[in-house]
Amino acid sequence: MKAAVVQAFGEPLVIEERPDPEPGPGQVRIRVEASGLCHTDIHAAHGDWPVKPNPPFVPGHEGVGLIEALGTGVTHLALGQRVAVPWLGSACGRCEHCLSGWETLCEEQVNTGYGCDGAYAEKMLARADFAQPVPDGISPLDAAPLTCAGVTTYKALKVAQVGPAQVVAISGVGGLGHLAVQYAKIAGATVAAIDVTDEKLELASELGADLVIDARTHDPAEVLKRFGGAHAAIALAVDEAAFSAVYGGLRRGGKLVMVALPAHGTIQVPIFDTVLNGTSVIGSIVGTRQDLTEVLELHAAGRTRVVRESRPLVSVNESIDEVLRGHVKARIVFDFNEGR
Ligand code: NAD
Ligand code: ZN
Ligand code: ZN
């Protein structure tokens, strides 16, 4: 089987021929049909973050495919069943986080395409308990971006407790942001979408954003304040300055939810304003298995639209360049059925 491998940080990925992996107890082997390119995979390949993966490794945590081998002890999944493999590859199931509905904070978690090989491959292994069944009627190419971009933004809006009659700023309308706009609309909010390219701003309007802010020409904080300020701002742009820009656009009691992970990112939070205005700054990391189930159900019910371009895996390096140049409409998905 073919896999795209990070041999060294910052180097182009290498397509390698590898033997099919054998599932151990509690694991399944999946024939991958579709695999999304999340910006996190680029951070992983560049070694951007303080906690780094160990090359060589196979990135990819928006993997969708059909189960073709069951490890011992796996009884709740069947051969041929379609599953999605997210970033949360496994968690301990015993700690306070796992037991309180916060398995995404488990200190023993293993992350797909980071702590173990991921979905940029024709075949992959997954823990059966964390491989989410994909409902009938959802194409694998749609399911892939929902598996990270979808679940992450759906969860971020839950964390922000967004409701109708609220103004929500979505900063960055990329893979994550184009779904965030839709979940914010489903929650009933008035949505202000912020980006730095014409295509993304047009896409945000198409997807229902009530207001678009071009951060190249306008200060998002100023524009948001004109509308009374945002009740919540979801920071999805891979740009440190974009975090401060939306923090400044919060109304009293507003919440900044940090999701994007620019390398070495920090923001300065003014103590006086934060105290007097009662603002919150909250981090949000992916979502639980239950969140992913809800995201897939919403899509199966026709409530969301996935905007994607499919490519063969061999185009992985060009695809990464395009994401970095901001040339991708929303999400690139590697299509393994192409040419099969
Ligand atoms: P992406 O590249 O598809 O989207 C980023 C968007 O930000 C682009 O549309 C870009 O035009 C826009 N942008 C750039 N500069 C901007 C600015 N100054 N103001 C407004 N918009 C700007 O990336 P993605 O796949 O959507 O991922 C976004 C980030 O989220 C990455 O850092 C990724 O690692 C992170 N992420 C976090 C989690 C989590 O659980 N917290 C999960 C998935 C991804
Ligand atoms: Zn745990
Ligand atoms: Zn991701």
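Both ligands and their constituent atoms are indexed starting at 1 by order of listing.
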Query raised in the report: Protein N, O or S atoms less than 2.8 Å from the Zn ion (ligand 2), ignoring waters?
Result: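 Metal shell, protein only: Cys92 SG, Cys95 SG, Cys98 SG, Cys106 SG.
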Query - Check: Leu250 main-chain N/O paired with Lys225 side-chain donor or acceptor under 3.5 Å - result: yes
Query - Glu309 (side chain) donor-acceptor with Lys329 (main chain) under 3.5 angstrom - result: yes
Below a 4.0 angstrom heavy-atom separation, can you tell me which part of [X], side chain or backbone, both or neither, approaches ligand 1?
X      : value
Thr152 : side chain
Val328 : neither
Ser284 : backbone
His39  : both
Phe243 : neither

Heavy-atom nearest neighbour of [atom] within options [options]:
atom                    : options                        : result
atom 22 (C) of ligand 1 : Pro145, Ala263, Ala237, Ala149 : Ala237
atom 12 (C) of ligand 1 : Leu236, Val323, Ile213, Asp195 : Asp195
atom 18 (N) of ligand 1 : Asp239, Ile285, Ile332, Leu201 : Asp239

Query raised in the report: Would you say Ser171 has any N or O atom under 3.5 Å from an N or O of ligand 1, going by distance alone?
Result: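 Ser171 vs ligand 1: no N/O contact under 3.5 Å.
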Requested in this report: Starting from atom 17 (C) of ligand 1, find the nearest protein heavy-atom neighbour and note its residue, name and distance.
Outcome: Val196 CG1, 3.6 Å
Report summary line: Given a cut-off of 2.8 Å, the protein N, O or S atoms lying below it from the Zn ion (ligand 3) are Cys38 SG, His61 NE2, Cys148 SG
Query raised in the report: Near Glu107 CD, under 6.0 Å, is it more than 12 heavy atoms from other residues, nucleotides or ligands?
Result: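 It does not: Glu107 CD has 12 such atoms or fewer within range.
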Report task. Consider ligand 1: state whether an atom of it lies below 4.0 angstrom from any non-hydrogen atom of Gly326. Result -> no
Query raised in the report: Would Asp214 and Lys200 pass as an ion pair if we require N to O under 4.0 Å?
Result: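 So Asp214 does not pair with Lys200 through a salt bridge.
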Query raised in the report: Do the ring centers of Trp87 and His61 come within less than 6.0 Å of each other?
Result: yes
